[in-house]
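Both backbone and side-chain heavy atoms feed into the values below; hydrogens, waters and symmetry mates do not.
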Amino acid sequence: MKEQDIFKWPITIYYEDTDVGGVVYHANYLKFFERARTELLRYIGLNQQQLFADNMSFVVRSMNIDFIRGAKLDDQLIVNTTIQNVRRASIEFNQELVNDHNVVFCRAVVKIACVNPTIMKPIALPEQLKPEIN
């Protein structure tokens with residue numbers, strides 16, 4: 001996957017995702033974005049369980065999120081994920097939740113760090129990831 005590529009992951013809004021007003025509860029957008037990033041890593045061949053066994057993990061370092069419009073029950077949406085910036089031990093993602101007309105519901109800039117989960121210190125990104133994102 002190259003930086004300009006868009007990884008698309010479908011999301012269906014279920015009853016459990018909504019609040020009492022029938023709109024997606026704000027914290028659930030983070031779950032949608034997390035699932036899309038996880039699926040992107042799986043798509044490019046990274047098995048997170050194996051990474052963890054190798055004493056390597058990804059953690060969210062920062063997130064800037066913009067809630068634009070509320071998604072509702074049974075909406076069929078897509079999380080678009082692009083890789084914005086890659087550094088030695090971190091990746092910055094741009095993510096948008098859109099409908100099939102490309103109307104944006106929520107967008108986020110997410111920075112993840114690669115860490116040793118035992119000591120929670122940054123480490124270099126896995127070698128097998130580099131050809132896929134550069």
Side-chain angles (χ1 to χ4, degrees):
M1 171 167 230
K2 305 300 178 211
E3 289 187 27
Q4 69 276 9
D5 292 342
I6 299 174
F7 179 78
K8 297 178 179 285
W9 187 254
I11 297 287
T12 299
I13 304 303
Y14 298 104
Y15 182 77
E16 67 186 28
D17 298 320
T18 62
D19 61 17
V20 70
V23 177
V24 170
Y25 181 67
H26 72 280
N28 288 332
Y29 291 97
L30 280 68
K31 292 178 184 180
F32 302 153
F33 290 153
E34 176 71 28
R35 290 174 191 158
R37 289 191 313 277
T38 297
E39 293 302 329
L40 183 153
L41 293 175
R42 187 184 326 270
Y43 173 78
I44 62 176
L46 279 182
N47 178 314
Q48 291 196 60
Q49 289 183 7
Q50 182 59 50
L51 291 175
F52 199 72
D54 293 338
N55 231 11
M56 186 177 292
S57 186
F58 294 108
V59 295
V60 173
R61 183 181 173 278
S62 68
M63 179 181 283
N64 183 357
I65 192 163
D66 189 10
F67 302 99
I68 298 165
R69 69 181 64 229
K72 297 185 175 118
L73 181 65
D74 292 330
D75 281 350
Q76 300 288 311
L77 304 173
I78 299 166
V79 177
N80 292 328
T81 303
T82 57
I83 296 171
Q84 184 64 32
N85 191 17
V86 179
R87 301 188 70 175
R88 187 182 87 73
S90 66
I91 305 172
E92 180 178 290
F93 295 92
N94 284 341
Q95 295 188 277
E96 290 184 330
L97 184 66
V98 301
N99 66 14
D100 58 352
H101 300 293
N102 219 30
V103 173
V104 178
F105 287 74
C106 186
R107 77 172 39 107
V109 176
V110 183
K111 294 178 185 175
I112 64 165
C114 186
V115 299
N116 176 318
T118 305
I119 59 174
M120 294 306 290
K121 297 287 184 185
I123 58 174
L125 293 169
E127 286 299 318
Q128 68 264 37
L129 178 61
K130 292 176 184 178
E132 299 295 333
I133 61 175
N134 287 327

Problem set entry | Separation between CZ of R87 and NZ of K111, rounded to the nearest 0.5 Å | 8.5 Å
Problem set entry | R42/E39 ion pair, N-O < 4.0 Å | yes
Problem set entry | Backbone N/O of D17 and side chain of N28: donor-acceptor pair under 3.5 Å | yes
Exercise. Going through the distances and angles, do E92 and V109 end up as a side chain to side chain contact (heavy atoms under 4.5 Å, CB included)?
Worked result: CA-CA 7 Å; E92 180 178 290; V109 176; 3.8 Å; yes
For this session: Using the rule that two of Ile, Leu, Val, Met, Phe, Trp, Tyr join whenever any of their side-chain heavy atoms come within less than 4.5 Å, decide whether Y43 and V110 are in one cluster.
Result: yes
For this session: Apply side chain to side chain contact (heavy atoms under 4.5 Å, CB included) to M120 and V59, showing your working.
Result: CA-CA 9 Å; M120 294 306 290; V59 295; 3.9 Å; yes
Exercise. Under a single-linkage definition using a 4.5 Å side-chain heavy-atom cutoff for Ile, Leu, Val, Met, Phe, Trp and Tyr, are V98 and F105 assigned to the same hydrophobic cluster?
Worked result: no
For this session: Of all the heavy-atom pairs spanning D5 and T82, show the shortest one and how long it is.
Result: O-CG2, 3.3 Å
Exercise. Heavy atoms, side chains only, cut-off 4.5 Å: are V60 and R37 in contact?
Worked result: yes
Seminar exercise, completed: Those residues at least two apart in sequence (or on a different chain) that pass side-chain hydrogen bond (donor to acceptor under 3.5 Å, both in side chains) with Q76 are T12
Seminar exercise, completed: Of all heavy-atom pairs linking S90 and L125, the shortest is O-CD1, 3.9 Å
For this session: Check whether I13 and L30 end up in the same hydrophobic cluster, where Ile, Leu, Val, Met, Phe, Trp and Tyr are linked by side-chain heavy atoms less than 4.5 Å apart.
Result: yes
Problem set entry | Contact summary for F33 and A108, nearest pair of heavy atoms | CE1-CB, 3.6 Å
For this session: Using atom types as modelled and distance alone, determine if a side-chain donor or acceptor of D19 lies under 3.5 Å from a backbone N or O of G21.
Result: yes
For this session: Would you please test F93 and I112 for side chain to side chain contact (heavy atoms under 4.5 Å, CB included) and show each step?
Result: CA-CA 8 Å; F93 295 92; I112 64 165; 3.5 Å; yes
Exercise. Side chain to side chain contact (heavy atoms under 4.5 Å, CB included) between L51 and L46: does it pass, once the steps are laid out?
Worked result: CA-CA 8 Å; L51 291 175; L46 279 182; 4.2 Å; yes
For this session: Return the minimal non-hydrogen interatomic distance between I123 and N55, and the atom names on each side.
Result: CD1-O, 3.9 Å
For this session: Kindly give the heavy-atom pair with the smallest separation between F58 and P126, and that separation in Å.
Result: CZ-CD, 4.1 Å
Exercise. Would you call the rings of F67 and H26 parallel, tilted or perpendicular, where under 30° means parallel and over 60° means perpendicular?
Worked result: perpendicular
Exercise. Between F32 and Y29, what is the ring plane arrangement, given parallel below 30°, perpendicular above 60°, and tilted in between?
Worked result: perpendicular
For this session: Report the residues that fulfil side-chain hydrogen bond (donor to acceptor under 3.5 Å, both in side chains) with R107, sequence neighbours left out, ordered by chain and then residue number.
Result: E96
Exercise. Does the side chain of N80 come within less than 4.5 Å of N102's, by heavy atoms?
Worked result: yes
Problem set entry | Nearest atoms (heavy-atom pairs only) where A36 meets W9 | CB-CB, 4.0 Å
Exercise. Are L41 and M56 connected in the hydrophobic side-chain network, where two residues link if heavy atoms are under 4.5 Å apart?
Worked result: yes
Exercise. For the hydrophobic clusters of this structure (ILVMFWY residues joined by side-chain heavy atoms under 4.5 Å, transitively), does one cluster hold both V104 and I6?
Worked result: no
